Amino acid sequence: MISENKNVFTLDTKNTTYAFMVLPTGHLEHLYYGKRINIGGCAEALSRKQTMAVGNTVSYSGDNPAFSLEAARLEMSSYGKGDIREPFIELIHADGGFSSDFLYDGYEIRKGRDELATLPCSYGSEDEVEQLKIILKDKNYRLTLEMYYYVYKDCDVICRSCRLINESEADVNIRRIMSMLMDIDGTGYVFTTFNGAWAREMDRHDTVVTAGKHVNSSYTGTSSSRANPFVMISKQDTTQEQGECIGLNLIYSGNHYEAVETGMCDMTRIVAGINPQSFSYMLEPGCGFEAPEAVMTYSGYGFNRMSHNMHSFVRKHIVRGKWQYKERPVLLNSWEAAYFDISERKLYELAKAGKNVGVELFVMDDGWFGNRNDDTCSLGDWYVNKKKLPDGLKGLCDKINRLGMSFGIWVEPEMVNVNSELYRKHPDWAMDIPGCAHSEGRNQRVLDLCNPDVAEYIIESMTRVFSSANIAYVKWDMNRIFSDYYSRYLQEQGRQQGEVAHRYVATLGKIMRTLVERFPDILFEGCAAGGNRFDLGILCYFPQIWASDNTDAVSRTYIQEGLSYGYPMSVVSAHVSACPNHQTLRVTPLSTRFNVAAFGICGYECNLVDMKKEELNEIKAQISIYKKWRHTMQFGTFIRQRTGNIHQWTVADADGRR
C-alpha cells in the first residue's frame, strides 16, 4: 500500500515499510526501510537533523546555511551542489556545466503499473502492484526526472526505476543514470556479491564496508559471469535464518553497476543501475530516457527469507507465458556426447537411448547449420547442413517425435564468424572499429544490434528456423564478451559510441520478445557461455537459463547455491554429465551428479549409447524419481541449511506436505 501524508511517502508491503519525505529544500530524504512499522505522524522523528555546517562541507543554499546535501540521507542525488558521494545522475548540459539540481514537483499514485517502453520490466495486475511516480524538476534547466516505485505487497518487494525527460531546446548528455539510490544509517555492513568467471560462476564473496567504496560491476556487454547483478547488504551477524538483510537485483542484461559507499556522517549509500563506464547518451529535445528497473526486498529473518521473497517475485512477476508454472521436461543434450561431429544417424541413436531411460526432450546442440564443423565458421548462416541432416530439421524432428519425444535445437543468433556467408555479404553488420584490428572471442564477432537491419535479419532468420519443424525447445547461446565497442550504424546516424552497449541490450529484448510472442509454445533457454547472462532481463523473455558450462557436481553445488540466493530453482538448468568431467576432469559418482542436478531443472548431457547397462539402469531410476518429485524440486520452497564446504539443501511444496 502506498500513502502520502504531508509530503511523507510510505510504501508498505505485507512485512516491510519503505519511507521517504520531501525536505523544505525540495530534495527527497530517505527515512526508513525495514520491518513493517506504523510511521503515522512520526516522520519528523526519523528525519536527520542538521543544525550547523560541518567542517568544509558545502551549504546547499544561503537560505539554509546549515543544510548540506553531503550530510543528508537521500533518495536521489547529483553532483555539483555539495554531495560528493556516488550520484544518482550525472549530466553535461548544453552550456558545458555538470551541476544538476532536481527538486520535488509532485506525485501520482495508481493501482497497477506502467510498463517500460524500451526495456523489460516486472508486471502485475491492479490487485498485485501499486505505482508511485515522484516528479522532480531541475531548478536551472528544463529537465524532468520521474522516479517510479512499484510495490508488490505479497512478495515483500519494491522496485524502482526512473525516466529523464528533456523539455529544453538543447541536447543534454547523460553520463550516468542509476535505477535506485538509498542512504541508510550506520557503516560496517556486509556487501555480498557473486563473482567468478567462465565455469565458476556465482561464487559468494562478503566484504565488510567500513570505509570507502566497494563496487560490483560488469563491462562485458552482458550482466556477466564475473559479477552477477544480484547483491545483498546485511548486518554482520545475519545468518540463513536470522538477522537483517536487503536483496537487490537489476532487470537488465547489459553492463551494470552496484556500489556501497560510506559517507562522512556514519551513513552508507547504496546505488544500482547502468554501468557509467564508457556510457554516454545524447538526449535530444522532447525525448526521454528510461533506466532499468531495480528490485529490492528486505528480510528481518535472514538470507533464506530474503531469497523466498525474491523467488516468489521472479516466478510471479518476471517469468511469463505458458512455461511460467509448467513443469520442465527432462532433456538430453547432444553437446558433450558428440560436440560438432553430428549426423542424423548418430543423433537418432542417441535419442533412442534417451527414450529408453525416460528422457522426454532431445536437444541437438551446435554443428547443424552452414559448414559448421568447428567454431571458426558459419555463425550467421542459419540454413541446415544437408550433409549432416539430409532430411533437414523437419526430417530429424519427425523421427524424434515418432519416438515419443519432443525436439529442440541450439542457436547463437547474436554472433557472426568472419568465415561465413553473412559476413562476406554484410561486413558492416559486425561490431568493430573501421580500420582497426579487432580483438575476437571464440573466433567470432558480435552483430551490431543497434542496426535495425541486423535486428530484422535475426528475427526473420530465427523465424524461418523455428517454423521449419516441430521445434519444442531452443537453447539461445552467446559465447563471447564484447570488445571494440563500435557501431557503424550509430556513427552514420550521428550518435555517440557510448550508446552502443545500452542500445544493444534494449534491441536484444525487442528481438526476444518478438520471437517469444511468435512462438509461445517453445521453451526458450538462455545461455551465454554458461552463466555470463544470468539475469532478470533474460528471464522476462526466457523462463530458464543454463547456469554454467561447468557440469561437475562439486563445482555445481557452489554455483547453484550462489544462484539460489536471488533466483528460484525453476529457472536454473542443471545437467548430469559424463566422468571424468569435461571441464574439471573430476570423477564423481553418478548418484552425486544426479543429486545436485535434481535441485534444478534436471537434464542429461552424456553419451548414453556407450554407457554400461548398469549406468543406464541407474539413470532410468533417477529420471523416474525426478519425475515423481519434479514439481516440488522445480517450484518448491528452497532452503539453505548448511553452506560453505558442506551444502545442505531442503525443498518443500508450498503446503509443506512434500
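Because the structure is predicted, anything quoted here is derived from the model rather than measured.
Contact between Val384 and Gly392 at its shortest, heavy atoms only, is CG1-CA, 3.9 Å. Contact between Trp323 and Pro329 at its shortest, heavy atoms only, is CZ3-CD, 3.9 Å. For the residue pair Val596 and Gln560, the shortest heavy atom distance occurs at O-NE2, 3.2 Å. Heavy atoms only, all atoms of each residue included: Cys121 and Leu116 are closest at SG-N, 3.5 Å. Of all heavy-atom pairs between Leu563 and Ala547, the closest is CD1-CB, 3.6 Å. When every heavy atom of Tyr626 is checked against every heavy atom of Ala598, the shortest pair comes out as CE1-O, 3.3 Å.
Considering Val357, Val330, Leu331 as possible partners of Tyr604, the one that fulfils the side chain to side chain contact (heavy atoms under 4.5 Å, CB included) test is Val330. Screening Tyr558, Phe230, Phe534, Tyr567 against Phe194 for a ring pair (Phe, Tyr, Trp, His ring centres under 6.0 Å) leaves a single residue, Phe230. Just one residue in the list Arg345, Lys346, Lys352 forms a salt bridge (charged side-chain N to carboxylate O under 4.0 Å, His left out) with Glu349, and that residue is Lys352.
Between Ile601 and Met633 there is no side-chain heavy-atom pair separated by less than 4.5 Å. You'll find the side chain of Gln491 stays beyond 4.5 Å of the side chain of Pro434, heavy atoms only. By the 4.5 Å heavy-atom criterion applied to side chains, Asn309 and Cys155 are not counted as neighbours. By the 4.5 Å heavy-atom criterion applied to side chains, Cys159 and Val295 are counted as neighbours. Residues Leu508 and Lys510 have side chains not in contact (no heavy-atom distance under 4.5 Å, counting atoms from C-beta outward).
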Evaluate the side chain to side chain donor-acceptor pair (under 3.5 Å) criterion for residues Tyr504 and Glu414: first the C-alpha distance (whole Å), next the side-chain angles of each, then the deciding distance (0.1 Å), finally the verdict. CA-CA 10 Å; Tyr504 181 100; Glu414 302 162 62; 2.6 Å; yes
Please evaluate residues Met415 and Asn479 with respect to the criterion side chain to side chain contact (heavy atoms under 4.5 Å, CB included), reporting the C-alpha separation (whole Å), side-chain torsions for both, the decisive distance (0.1 Å), and the verdict. CA-CA 8 Å; Met415 299 293 152; Asn479 276 308; over 6 Å; no
Kindly determine whether Met405 and Leu332 satisfy side chain to side chain contact (heavy atoms under 4.5 Å, CB included), including the steps that lead there. CA-CA 10 Å; Met405 305 171 71; Leu332 173 63; 5.6 Å; no
Hey, mind stepping through Tyr485 and Ser278 against side chain to side chain donor-acceptor pair (under 3.5 Å) and telling me if it holds? CA-CA 9 Å; Tyr485 287 82; Ser278 302; over 6 Å; no
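A donor-acceptor pair under 3.5 Å links the side-chain atoms of Asp477 to the main chain of Ala529, judged by distance alone. Between the side chain of Tyr148 and the main chain of Arg113, no donor-acceptor pair closer than 3.5 Å is present. Remark: side-chain polar atoms of Lys627 are paired, donor with acceptor, to backbone N or O of Gly358 under 3.5 angstrom. A donor-acceptor contact shorter than 3.5 Å links the side chain of Asp484 to the backbone of Ser439. Checked by atom type and distance alone, the side chain of Asp381 pairs as donor or acceptor with a backbone atom of Leu422 at under 3.5 Å. In this structure, Ser564 contributes its side chain and Glu561 its backbone to a donor-acceptor pair below 3.5 Å. A donor-acceptor pair under 3.5 Å links the side-chain atoms of His308 to the main chain of Phe638, judged by distance alone. Although no hydrogens or angles enter the test, the distance criterion places no donor-acceptor pair under 3.5 Å between the side chain of Asp552 and the main chain of Arg556. A distance-only check finds a donor-acceptor pair linking the side chain of Arg328 to the backbone of Pro543 [under 3.5 Å]. The closest donor-acceptor contact from the side chain of Ser468 to the backbone of Val465 lies under 3.5 Å.
Taking a 6.0 Å sphere around NZ of Lys394, one finds it holds 12 or fewer heavy atoms contributed by other residues, nucleotides or ligands. Residue Arg200 places its CZ atom among 12 or fewer non-hydrogen atoms of other residues, nucleotides or ligands, all under 6.0 Å distant. For Lys322, the NZ atom counts as densely surrounded, since its 6.0 Å shell holds more than 12 non-hydrogen atoms of other residues, nucleotides or ligands. Counting heavy-atom neighbours within 6.0 Å of Arg424 CZ, excluding the residue itself, gives a total above 12.
Looking at Lys399 and Asp391, a side-chain N of the basic residue comes within less than 4.0 Å of a carboxylate O on the acidic one, giving a salt bridge. Salt-bridge annotation for Glu460 and Arg464: absent, with no side-chain N of the basic residue lying under 4.0 Å from a carboxylate O of the acidic one.
Checking Asn417 against Asn419 by side-chain atom types alone, no donor-acceptor pair falls below 3.5 Å. Side-chain polar atoms of Gln634 and Arg630 form no donor-acceptor pair below 3.5 angstrom. Side chains of Glu258 and His256: a donor-acceptor N/O pair is present below 3.5 angstrom, by distance only. Under 3.5 Å, the side chains of Tyr489 and Asp453 contain no donor-acceptor pair of N or O atoms. In summary, the side chains of Thr463 and Arg518 do present a donor paired with an acceptor at a separation below 3.5 Å, with no hydrogens or angles considered. Under 3.5 Å, the side chains of Asp374 and Thr376 contain a donor-acceptor pair of N or O atoms. Between the side chains of Tyr565 and Asn228, no donor-acceptor pair of N or O atoms lies under 3.5 Å. With no hydrogens or angles considered, no side-chain donor-acceptor pair links Ser555 and Gln583 at under 3.5 Å. With no hydrogens or angles considered, no side-chain donor-acceptor pair links Asp448 and Asn451 at under 3.5 Å. No donor-acceptor contact under 3.5 angstrom links the side chains of Thr551 and Glu605, judged on distance only. Tyr281 and Arg503 form a side-chain donor-acceptor contact under 3.5 Å, judged by distance and modelled atom types alone. Looking at Ser253 and Asp535, their side chains do bring a donor and an acceptor atom within 3.5 Å of each other. Side chain to side chain, Thr632 and Asp653 meet the donor-acceptor criterion of an N or O pair below 3.5 Å.
Annotation: the span from Lys355 atom NZ to Glu360 atom CD amounts to 8.5 Å, rounded to 0.5 Å. Atom-to-atom distance recorded for Phe482:CZ and Ser218:OG is 9.5 Å, nearest 0.5 angstrom. The CZ atom of Arg480 sits 12.5 Å away from the CG atom of Asp375 when rounded to the nearest 0.5 Å. Distance check, rounded to the nearest 0.5 Å: CG of Leu393 to OH of Tyr383 gives 13.5 Å. Within the model, atoms CD of Gln497 and OG of Ser487 stand 6.0 Å from one another, a figure rounded to the nearest 0.5 Å. Summarising the geometry, atom CZ belonging to Phe369 is positioned 8.0 Å from atom SG belonging to Cys377; distances are rounded to the nearest 0.5 Å.
Between Phe466 and Phe524, the ring planes are perpendicular. Angles over 60° get that label, and only those under 30° would be called parallel. Relative orientation of the His502 and Tyr252 rings is parallel, given thresholds of 30° and 60° on the angle between their planes.
The aromatic ring centres of Trp368 and Phe340 sit 6.0 Å or more apart. Between Tyr150 and His317, the ring centre distance reaches or exceeds 6.0 Å.
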